[in-house]
Amino acid sequence: MFAVEDAKQSKILPCADPFVTSYPHHACFMSIIGDDVHYRDAILSAYIPLAFNASYRRLDFSVGVDIVEFMEHLPFLEGKYIDRKTIKKRNIRYADYIKNEIAIDDYVYLLVDYYYISADRACFHKKHRKHDIFVYGYDDLYKKFWVKDFLDGSKYRSFDVSYEEMEQAASQLEMEQDWLRGIKSYRKKSVIHEEIYFHMPVILEEIEKYICGKKSGYVSFNDIRKRQDCDYYYGSHIYEQLIKECTFRYEHDELMDTRCFHILFEHKKCLLYLCEKWNRDYMLDNADELFALLQNILNLCYILRNFSLAYNLNKKEKCYKNIIHYLKKIHDEELHAMMLLSKNIKLTTQFPNYVTKEEANINDSTLEFVSEWRLTANKDALFTETENAYMQTLFCGTDVEIVMDSSYYDEYLDIKIDEKSLTMQNLSKFIHPDKHEIIYKINGWEKGFHTLKVFNEKGVCSIKKIIYNHTDEFCNADSNTCCKLDRIDYTTKGNWTGVYGSDGYYLIGGKYVIPSYMTEQSVKFCNAYLLVWDSDSWDERALVNPATGKRIMVYQESEDEFCVNVIIAGQISREITLYFADFERFHTDLRIEVFNKLHHKLLDTVKLNRVDDGLYLTFKARGDILFKIFKESGRLAFISGIFFQS
């Protein structure tokens with residue numbers, strides 16, 4: 001018999017809500033990866049291409065059409081599997097094997113027969129349904145596993161399965177029925193190296209291939225070979241095939257494959273998410289028009305999915321015709337959106353100029369909305385009914401106006417500039433009945449950069465836009481920016497906690513905490529790429545990640561040079577500390593040049609020789625600062641962390 005080694009009475013592994021749930025193999029993968037934004041961005045950049053396999057009548061993201069190949073080549077995860085022949089030969093109980101894997105922090109993925117699982121009311125002791133299930137926890141007291149899958153046609157969700165039911169559901173499958181080839185175990189990789197990569201020229205190429213319907217997508221070598229002999233369609237060409245497929249099902253009295261329509265819906269959700277990210281990173285023009293197009297297509301896909309569900313209930317001709325109509329409409333709208341996207345992607349970051357900025361609307365990347373905010377009925381503003389939800393941004397100058405939609409407004413606000421609350425009596429309030437606007441004007445603030453936050457204390461609050469009032473004289477001034485090297489630290493290595501970052505920090509590839517005198521848009525990189533060597537390193541030069549307690553060996557890097565834009569608001573100079581360590585020991589020499597970004601005025605230059613052992617540079621600074629990091633010798637220009645303290 002198989003023994004469970006050192007298993008605790010219960011164990012539940014971290015399990016995130018997956019961004020993509022159309023098929024279990026995507027949802028399983030994303031549940032393990034978690035909510036780390038770097039992972040999600042890198043994953044979704046591979047989810048732009050779609051592919052339709054006409055031989056198997058199946059639509060999926062191109063990366064996942066061959067499920068077994070996808071599962072065996074998962075990025076960011078390392079895995080193993082045991083085949084059913086070995087399980088039978090060694091007389092291993094499935095439940096014991098699964099418990100043992102979870103006890104050693106491995107997630108489990110396998111095929112089961114839902115005829116034996118009571119949670120599936122449609123199948124339990126009624127019909128056999130073979131499906132893949134994801135197991136992430138167990139409890140000996142209640143003798144159950146915690147699993148995720150689709151039940152009764154509902155969303156991908158968590159539920160529990162008893163040990164005995166799991167044993168029956170897994171063991172009653174014949175070996176030749178298991179297309180997963182056995183029980184698979186996965187855990188997140190520690191050593192990732194260059195797998196987290198988000199390269200805009202490659203993404204632009206994928207979008208252009210999508211428009212033309214060319215073969216595209218990141219697939220394994222075996223998958224590429226298999227596709228040579230199959231009838232595959234890509235990108236915009238999938239819609240013609242879906243129309244043929246739906247017509248065939250209608251004429252032969254078959255149910256519609258609703259998974260196809262859910263894939264379309266989630267594909268547009270991924271596109272919208274990516275465009276929002278590119279907009280935040282200043283790599284997208286005409287974002288307002290693009291967001292409106294993609295949101296409309298997303299809504300159309302939602303309607304299409306509902307028509308497919310309705311058709312499967314009644315098989316009415318009207319539902320079928322609506323499905324065909326919406327497929328054609330989505331194709332046309334999507335083609336327009338993808339062409340607009342390809343024209344408006346910028347291949348390098350262009351940092352915004354806050355000093356000359358005149359206004360910011362709700363889609364402006366410089367406005368950050370925290371907690372739940374939704375579009376108003378006319379889609380001109382965002383509103384919230386969530387207590388303590390807020391909007392924040394940076395502005396430069398002495399005057400600013402906050403424009404709200406009067407239909408979504410209660411006078412229960414807390415407006416802060418540089419963390420100082422402004423009483424309503426200190427604000428000038430104007431009402432435009434014709435425009436349905438309420439405007440709060442803030443005048444006479446100190447020259448320089450400021451944080452602006454608008455809190456909803458209770459009731460409802462809306463934001464339509466922010467208007468910045470500048471004078472030509474002020475825009476041409478020095479804008480109160482300064483930065484000078486204060487000290488160099490060669491001894492702290494990766495043990496920064498308690499030494500740096502008392503106000504906030506930005507760990508490359510890890511956690512970040514933004515100081516009160518900054519916003520998330522206050523730190524931006526240009527021409528730099530994320531390179532993770534190890535997320536669980538023993539090297540003392542690797543920075544401690546407070547989120548995990550482990551050391552993370554990571555860079556933002558470029559072959560020759562890159563830029564970091566940091567904006568410190570307020571009138572007080574703060575400390576900015578940059579950390580450099582050559583983990584590869586290529587004897588790297590770096591040169592750091594510091595500029596006033598607006599006027600490109602050189603403020604300081606620092607040359608660093610051989611940063612092999614790790615060092616911290618601390619500057620005293622305020623305003624809009626540009627750090628340029630140059631490689632003088634070695635393999636790369638890089639940085640691993642930025643820390644803030646008063």
So, for [X] and [Y], is the gap between ring centers shorter than 6.0 Å?
X      : Y      : value
Tyr273 : Phe19  : yes
Tyr156 : His26  : no
Tyr505 : Trp496 : yes
Tyr468 : Tyr354 : no
Phe619 : Phe627 : yes

Work out which heavy atom in [X] is nearest to a heavy atom in [Y]; give both atom names and the distance.
X      : Y      : result
Leu590 : Ala637 : CD2-CA, 4.0 Å
Ser537 : Met553 : OG-CE, 3.4 Å
Tyr408 : Ser462 : O-OG, 3.1 Å
Thr21  : Pro18  : CG2-CG, 3.6 Å
Thr366 : Pro352 : CG2-CG, 4.5 Å

[X] and [Y]: side chain donor to acceptor below 3.5 Å:
X      : Y      : answer
His436 : Asp405 : no
Thr451 : Gln392 : no
Arg622 : Ser573 : yes
Glu387 : Tyr412 : no
Glu419 : Ser516 : no

Can you tell me if [X] uses its side chain to pair, donor with acceptor, with the backbone of [Y] under 3.5 Å?
X      : Y      : value
Arg591 : Thr605 : no
Thr492 : Asn495 : no
Asn361 : Lys465 : no
Asn378 : Asp380 : yes
His450 : Leu394 : no

CD1 on Ile431 to CD on Glu437, rounded to 0.5 Å: 11.5 Å
Atom pair CH2/CG of Trp278 and Leu271 - distance to nearest 0.5 Å: 7.0 Å
Intermediate values then yes/no, side-chain contact (heavy atoms from CB on, under 4.5 Å), Lys453 and Asp414: CA-CA 8 Å; Lys453 295 185 180 182; Asp414 182 14; over 6 Å; no
Residues Arg374, Glu385; criterion side-chain contact (heavy atoms from CB on, under 4.5 Å); working and verdict: CA-CA 9 Å; Arg374 291 173 287 162; Glu385 297 172 291; 2.8 Å; yes
Asp285 with Lys346: basic N within carboxylate O range, under 4.0 Å: yes
Presence of salt bridge, Arg487 and Glu575, under 4.0 angstrom: yes
Full working for ring pair (Phe, Tyr, Trp, His ring centres under 6.0 Å) between Phe525 and Tyr506: CA-CA 12 Å; Phe525 297 87; Tyr506 192 103; 5.8 Å; yes
Stepwise side-chain contact (heavy atoms from CB on, under 4.5 Å) check, Met404 with Val454: CA-CA 11 Å; Met404 300 177 173; Val454 181; 4.0 Å; yes
From CA spacing to verdict: side-chain contact (heavy atoms from CB on, under 4.5 Å), Ile211, Ser342: CA-CA 9 Å; Ile211 293 168; Ser342 69; 4.0 Å; yes
